[in-house]
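The next block holds one structure in the form of structure tokens; read it before the comments.
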Amino acid sequence: MERVTKLASERPVVIFSKSTCCMCHTIKTLFCDFGVNPAVHELDEMPRGREIEQALTRAGCPTLPAVFIGGEIVGGANEVMSLHLSRSLIPMLKHAGALWV
């Protein structure tokens, strides 16, 4: 979990993803469309990606993508889309320093 915490704090938005996952692609595209430049960690392309995925599951995020904003876990695609639809995502991104306008 220590490695996850370290990686999750490297930028305002961090996404743990799998390169072949369509929901991961959708969430990455959403953030990029907002102008956010997230740190993306493709777990299926990392040497110890499986260990990180297990740590994320223990931390309460059983599915990918696992999204962190401001160093705090937000959750997966459902949670991010719920925040977006309730108009809470943009203010959260601004507060974390991921968006300037």
Side-chain angles (χ1 to χ4, degrees):
M1 190 60 199
E2 183 178 317
R3 184 159 185 219
V4 170
T5 304
K6 183 180 179 211
L7 291 171
S9 64
E10 67 185 12
R11 283 207 196 141
V13 177
V14 177
I15 303 172
F16 292 93
S17 172
K18 282 195 177 175
S19 61
T20 57
C21 171
C22 65
M23 291 310 294
C24 294
H25 175 76
T26 300
I27 296 302
K28 291 182 287 190
T29 301
L30 176 70
F31 282 112
C32 290
D33 286 351
F34 286 152
V36 172
N37 186 21
V40 177
H41 299 284
E42 300 291 358
L43 299 182
D44 57 334
E45 297 175 355
M46 295 174 67
R48 298 177 73 181
R50 184 73 182 135
E51 291 175 24
I52 293 173
E53 189 173 355
Q54 291 170 347
L56 289 166
T57 299
R58 288 190 299 273
C61 198
T63 62
L64 294 176
V67 178
F68 288 74
I69 299 176
E72 299 294 322
I73 191 164
V74 171
N78 287 342
E79 290 80 11
V80 171
M81 292 308 293
S82 292
L83 287 168
H84 178 48
L85 293 172
S86 70
R87 301 187 187 277
S88 301
L89 184 58
I90 297 290
M92 187 182 287
L93 292 170
K94 287 180 183 176
H95 182 73
L99 286 177
W100 302 106
V101 289

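Not measured: the values here are computed from a predicted model.
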>> Tell me the closest heavy-atom pair linking A96 and P12, and the distance in Å.
In response: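 The pair with the smallest heavy-atom distance is O-CB, 3.5 Å.
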
> Any idea which heavy atoms bring P38 and C32 closest together, and the distance?
Replying inline: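 Heavy-atom minimum between the residues: CD-SG, 4.4 Å.
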
> Quick one: does E45's side chain have a donor or acceptor within less than 3.5 Å of a partner on E42's backbone?
Replying inline: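 Between the backbone of E42 and the side chain of E45 there is no qualifying donor-acceptor contact (under 3.5 Å).
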
> If only atom types and distance count, is the side chain of D44 paired as donor or acceptor with the main-chain N or O of S19 below 3.5 Å?
Replying inline: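 Present.
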
> For the atom pair CZ (R48) and CG (L43), what is the distance rounded to the nearest 0.5 Å?
Replying inline: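 Spacing of CZ (R48) from CG (L43) equals 13.0 Å.
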
> Atom CG in D33, atom OG1 in T26: separation rounded to 0.5 Å?
Replying inline: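 The CG atom of D33 sits 10.5 Å away from the OG1 atom of T26.
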
Minimum side-chain heavy-atom gap [X]-[Y] below 4.5 Å:
X: M23; Y: L64; result: no
X: L30; Y: V36; result: no
X: I52; Y: L7; result: yes
X: K28; Y: V40; result: yes
X: L83; Y: L85; result: no
X: I15; Y: F68; result: no
X: M81; Y: I27; result: yes
X: F31; Y: N37; result: no

>> Can you tell whether the side chains of K18 and E53 come within less than 4.0 Å, N to carboxylate O?
In response: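 Result for this pair is yes, salt bridge flagged.
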
>> I'd like to know whether the aromatic ring centres of H84 and F34 sit less than 6.0 Å apart in this structure.
In response: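 That pair passes the under 6.0 Å test.
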
>> Quick check on E10: does its CD atom have over 12 non-hydrogen neighbours (other residues, nucleotides or ligands) under 6.0 Å away?
In response: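 Atom CD in E10 is packed in, count exceeds 12.
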
